[in-house]
Structure formats: C-alpha cells, structure tokens
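Values below: all heavy atoms of this structure, side chains included; hydrogens, waters and symmetry mates excluded. Quick note on labels: first sequence line is chain A, next is B, and so on, each numbered from 1.
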2 protein chains.
Amino acid sequence: MSSLLPEPSGPGRLSSRMVSIDVYGQLATAILRNDIPPASRVNINAVAVSLGVSATPVREALARLESDGLVTQLHLKGYRTTDLLTQREIRDLWQFRMLIEPYGAGHAATAASPDQIAALEHEINSFTSAPTGSDFDSYQDFSDHDARLHGLILEASGNAIITRAFERTHCHLHAFRLAYNSSAGSATVDEHIAIVDHISARDAAGAAEAMMEHLANSRDRLLPLAKEG
Amino acid sequence: MSSLLPEPSGPGRLSSRMVSIDVYGQLATAILRNDIPPASRVNINAVAVSLGVSATPVREALARLESDGLVTQLHLKGYRTTDLLTQREIRDLWQFRMLIEPYGAGHAATAASPDQIAALEHEINSFTSAPTGSDFDSYQDFSDHDARLHGLILEASGNAIITRAFERTHCHLHAFRLAYNSSAGSATVDEHIAIVDHISARDAAGAAEAMMEHLANSRDRLLPLAKEG
DNA sequence: GAGAATCATATGCTATATGATTCTTGCAAT
DNA sequence: ATTGCAAGAATCATATAGCATATGATTCTC
C-alpha cells in the first residue's frame with residue numbers, strides 16, 4: 001500500500017462531500033498500477049488514512065470495486081484484490097465479446113444515428129497512431145480510448161442492456177492490469193479504423209466481420225501475457 | 001416504505017455481526033414485492049430504523065442493489081428505486097440472452113460433466129409442473145428455479161465469465177418485478193424439459209435451438225406486461 | 001403572483017465502540 | 001532443540017451514533 005495519493009487532502013480540505021468517487025478512482029488506479037498487488041489484502045483503515053478520509057467512503061468504493069471484479073469481500077476478513085485473469089479466463093471473456101460485439105457492430109452499421117457515426121469518427125481521429133511514449137499515463141489514455149470506442153459501437157447498436165453488460169465486464173481494466181501496453185499496437189489502430197469504416201459505410205456484415213477479426217487478434221495479443229490456468 | 005420486516009430485531013439482538021447480507025435480502029424483497037414502488041426515493045434512515053440497524057449496512061446493501069440495477073444513486077439526492085423495464089428494455093435484454101444462452105446450451109451439451117448433467121436433471125425434477133397456488137412465495141420459488149436452471153446451463157457450458165455476465169443482468173428479478181407470475185406457466189416447464197433433454201443427449205444444435213425458442217416464447221409472454229417506451 | 005429568504009429533512013461523512021480474526025508469546029511434550 | 005498448542009495481545013472489519021452541509025419545500029416580502 002503506502003501513499004496512494006501525492007497529497008491526502010491537506011489541511012485545506014476539499015468540499016468533503018464529494019469524496020467517494022475520488023476514493024473509487026484512486027483505489028482503482030492503485031490496483032491497476034499494481035501499487036496494490038493482485039490477491040493481497042486491502043486494509044480499509046490504511047486506505048482511509050492514506051487518502052485522508054474515514055472508513056465509510058472507502059467501504060463504499062470497495063463495494064463498487066467488487067462489482068467491477070477488482071476486489072472480493074470475505075465476510076469478517078475484509079477485502080482482497082482479485083487475481084489477474086488466467087489464460088482460460090481471457091479466452092472465456094473474449095468468447096463473450098465475440099458473441100456480443102460483432103452483433104453490436106453489425107447493428108451499429110444499420111442503426112447508428114449521424115451523431116453517433118460522427119462520435120465514432122471523432123474517437124478514431126483522436127488516436128490515429130499508437131502511443132509513442134512508454135509511460136503509464138499514455139498507455140492508460142490509449143486503453144481508455146479503446147474502451148470508449150468499443151462502448152460507442154455497442155451504444156450505436158441501440159441496445160443499452162448489451163452495452164451495460166459489456167461495460168460491466170471491464171475487459172479493458174483486466175487487460176490493462178495484465179499488461180498495460182497490451183492494446184497499444186498500431187495493428188489495433190488499423191483494426192479500429194476498419195471497423196468504423198464499415199459502420200460508416202452502413203455495411204453490417206463487414207462491420208461484424210471486422211469486429212470478430214479484431215477481437216481474435218486482440219485475444220491472441222493478450223493470451224501470452226496471462227498465466228495458465 | 002413502512003415496516004419491511006415483521007420484527008425489526010427487538011431488544012434480544014441477533015448475532016449483530018451478520019447484518020448486511022440480511023439487509024440486502026430484505027431490501028431486495030421489498031423492492032420486488034413493490035413494497036417500495038418503482039421510481040421512489042429510498043430514505044436511508046427510514047430503512048435503517050425499519051430494519052433495526054444503523055445507516056452503514058443499509059448503505060452497503062444499497063451499493064450492491066445499485067450494481068444489481070434495482071436502485072440508482074444520485075449525488076446528494078440519495079437512492080431511488082429504478083423504473084420497471086420498458087418493452088424496449090425487455091426486448092433488448094432478451095436479445096442479449098439470445099446471443100449468449102443458445103451458445104451456452106450448445107456448449108453445455110458437449111462440455112457438461114456427468115455431475116452437471118445430474119444437477120440439471122435434479123433441478124428439472126424439482127419442478128415438474130407450474131405452481132398451483134397463487135401466492136407470492138410459490139411464484140418466487142418458481143422464479144428462483146427458473147433462474148437456477150438457466151444459470152446451471154451456462155455454468156455447464158464451462159464459461160464462468162459468460163455465466164457471471166448473465167447472472168448480473170438479473171433478468172429473472174426484473175421479469176418477476178414486472179409481474180411475478182410471468183414465468184410460471186406449464187409451457188415454461190415443457191420448454192425447460194426439452195432443453196435439458198437435448199443437453200443430456202449431447203445434442204448441441206438441438207439444445208441451442210430449444211433454448212432460442214424458449215427465450216423467444218418467454219419474451220413474448222412478458223412483453224404485453226411491460227409499458228411501452 | 002414571482003422571487004427571495006427561511007427552515008426542515010436527509011445525505012454523506014467522521015469519530016468511536018465492539019467483536020472477530022490473526023499474530024505473538026510462552027509453555028509443555030516429544 | 002524443536003515442534004505443537006494454547007492463551008493473551010494486537011489488529012482489523014463491522015456497526016453505531018452524531019455532526020455539518022446540501023436540497024427542497026414552505027413562508028414571507030414586494
């Protein structure tokens with residue numbers, strides 16, 4: 001653990017009524033960066049002191065992180081960070097994505113509004129190449145871009161339930177945690193462009209196929225990084 | 001609100017350190033029974049007093065219920081129960097199920113262990129007919145059976161990620177909340193039997209097809225009960 | 001009747017108490 | 001000397017109580 005935050009909150013307190021979201025973000029980042037290693041206990045009080053808040057908002061943040069799959073709670077034994085995904089789990093997760101994302105891309109091609117098409121192209125244009133730096137932050141930026149793009153495509157398909165189910169897998173979080181440069185290749189950029197091009201051209205079959213290929217490739221990029229299981 | 005529990009906890013306190021799970025269950029039941037109507041505010045303190053506990057375990061339960069989609073939190077405005085699903089959302093949710101459950105049934109037919117087959121058949125045998133009574137509890141029993149069966153099938157497919165994504169949709173909760181006798185027809189029983197028969201016979205294509213039909217039928221049984229949207 | 005001021009209510013947090021778990025220490029037995 | 005076990009101490013999770021502030025409704029003023 002130890003000092004998750006540069007400055008806890010200092011004597012000049014912040015508004016003190018908007019802490020919980022921040023605690024959530026700080027804790028999530030700490031887990032993703034492996035500042036809190038996988039499968040290790042999370043001491044609620046230590047986190048509270050480290051972040052300069054009390055236990056209650058930490059508890060709330062941990063409850064949310066549990067539903068994100070980043071921690072698990074053991075009754076009367078507190079919270080532990082979850083293990084990294086195994087190869088088996090990566091395969092299972094990507095199989096899930098292969099069931100819903102090609103469907104989403106195909107329907108996005110027929111159902112997306114002009115605004116949604118524009119949003120997709122704007123997202124594509126914001127990352128025309130893989131990050132050049134090698135720092136944590138630029139990889140995280142790219143991972144966020146990746147997550148946004150896949151989310152936008154499902155959103156454009158018009159099915160909010162499926163979009164939400166996808167978002168709740170937090171596949172990008174898990175992939176990022178496994179290796180935070182895993183999605184940052186130029187191949188990823190090219191594949192994204194191909195998918196959005198098919199959607200813009202209203203080519204449902206092509207969009208679904210491009211998405212399926214992209215998922216197969218990203219899975220194969222990720223698998224060697226995971227432990228067997 | 002008003003009296004969610006027959007007896008709060010009284011002066012003879014219960015074990016006092018296993019409360020939160022119970023609070024969760026009591027609240028979930030209260031929402032499902034429409035004791036707390038859809039789209040209404042949930043007063044944390046009132047719930048706490050009603051259940052004879054303090055605010056903290058109620059907050060934890062609400063955090064979990066939020067990830068279940070039964071309540072939503074608005075900052076500084078507290079929690080509200082969510083609306084009932086609209087026809088559109090039912091359709092979207094069942095579309096999601098149609099993407100993953102036929103896949104699950106098909107893979108269960110090839111991948112299920114003998115123990116898992118036995119568990120499926122045991123579950124089938126525990127409800128060979130629709131409930132005869134008209135009370136809340138027997139409908140809930142049947143709804144639970146339905147949820148267990150669909151969960152077992154996905155589990156037998158061997159993909160834990162998909163199983164979890166399915167469980168998190170809480171489709172049975174939402175269906176039950178919409179109308180608690182919606183899944184209790186004898187047609188449902190017959191369709192369940194057909195699916196499990198195909199799985200037991202290791203007939204993947206037949207299992208997938210039977211599941212798809214079952215989902216289409218259950219959706220059509222449910223749709224008239226939902227509001228347009 | 002519209003806008004400003006006031007007040008009640010409920011939220012979100014802090015501080016604290018309680019009890020379970022876990023670690024440490026000491027002693028006995030092999 | 002080393003291992004096994006038990007008792008006590010320390011730690012930590014969970015729950016309670018209470019406080020400060022934001023929200024929303026009511027009342028007052030113009």
Side-chain angles (χ1 to χ4, degrees), chain A residues 1-2 4-5 7-27 30-31 36-37 39-67 70-82, chain B residues 1-2 4-5 7-27 30 36-37 39-67 71-82:
Chain A
M1 291 288 318
S2 77
L4 303 171
L5 205 70
E7 268 296 303
S9 72
R13 305 275 277 291
L14 64 158
S15 45
S16 103
R17 193 72 55 114
M18 302 175 61
V19 182
S20 65
I21 42 167
D22 202 43
V23 171
Y24 171 86
Q26 296 291 335
L27 261 177
I31 295 171
I36 308 174
S40 62
R41 294 188 59 170
V42 180
N43 183 322
I44 292 179
N45 210 44
V47 173
V49 170
S50 165
L51 294 174
V53 297
S54 73
T56 302
V58 175
R59 205 155 240 301
E60 295 232 337
L62 284 168
R64 276 150 211 269
L65 289 167
E66 185 176 32
S67 91
L70 286 178
V71 300
T72 52
Q73 186 183 26
L74 291 84
H75 187 59
L76 292 178
K77 294 184 184 174
Y79 290 88
R80 305 180 76 92
T81 52
T82 52
Chain B
M1 291 286 319
S2 77
L4 304 171
L5 205 69
E7 268 298 302
S9 73
R13 303 276 278 290
L14 66 159
S15 46
S16 103
R17 192 83 19 162
M18 301 177 60
V19 181
S20 64
I21 42 168
D22 202 42
V23 171
Y24 171 86
Q26 295 290 338
L27 261 176
I36 309 174
S40 62
R41 293 187 62 171
V42 179
N43 183 323
I44 292 178
N45 208 44
V47 173
V49 169
S50 165
L51 295 175
V53 296
S54 73
T56 302
V58 176
R59 296 185 72 81
E60 295 235 338
L62 285 169
R64 275 151 211 268
L65 289 167
E66 185 176 32
S67 90
V71 301
T72 51
Q73 186 183 26
L74 291 85
H75 187 61
L76 292 175
K77 293 184 185 176
Y79 290 88
R80 306 180 76 92
T81 52
T82 52

Report the residue (A:Lys77 or A:Ala55) whose heavy-atom-nearest nucleotide on DNA chain C is the more 5′ of the two. A:Ala55
Residues passing the side-chain hydrogen bond (donor to acceptor under 3.5 Å, both in side chains) test with B:Thr56, sequence neighbours excluded, are none
Kindly point out which of C:dT14, D:dA13, C:dT11 is positioned nearest to the side chain of B:Arg41? C:dT11
Taking atom P of C:dA20 as reference, at what distance in whole Å does atom CG of A:Leu76 sit? 8 Å
Answer yes or no: does a side-chain N or O of A:Ser54 lie under 4.0 Å from OP1 or OP2 of C:dT14? yes
Atom pair distance, as rounded to whole Å: CG in B:Asp22 and P in D:dT14: 16 Å
To the nearest 0.5 angstrom, please state how far the CG atom of A:Asn43 sits from the OH atom of A:Tyr79. 13.0 Å
In Å and rounded to the nearest 0.5 Å, what is the OG to CZ distance from A:Ser67 to B:Arg64? 9.5 Å
Looking only at C:dT22, C:dT14, C:dG12, the nucleotide nearest the B:Gln73 side chain is C:dG12
Main-chain N/O of A:Gln73 paired to A:Glu66 side chain as donor or acceptor, under 3.5 Å: yes
Report the distance from atom CZ of B:Arg59 to atom P of D:dA17, rounded to the nearest whole Å. 16 Å
A:Leu70 and its side-chain contact (heavy atoms from CB on, under 4.5 Å) partner, picked from A:Leu65, A:Leu62, A:Thr81, A:Leu27: A:Leu65
With respect to the side chain of A:His75, which nucleotide from C:dG12, D:dT14, C:dC13 is positioned closest? D:dT14
If you check every side-chain atom of B:Pro57, which of C:dG12, D:dT14, D:dA15 has the closest atom? D:dA15
Between CG of B:Leu74 and P of D:dT23 the distance, given in whole Å, is 12 Å
Can you tell which of D:dT23, D:dT16, D:dA13 lies closest to the side chain of A:Asn43? D:dA13
Testing C:dT14, C:dT21, D:dT16 for proximity to the side chain of B:Val53, the answer is D:dT16
Between A:Asn45 (CG) and D:dT14 (C1'), how many Å, whole number? 12 Å
Tell me the interatomic distance from A:Glu60, atom CD, to C:dC13, atom P, rounded to whole angstroms. 7 Å
Which of the following nucleotides, C:dT11, D:dT14, C:dC13, is nearest to the side chain of B:Ile44? C:dT11
From OH of B:Tyr24 across to P of D:dT14 the rounded distance in Å is 17 Å
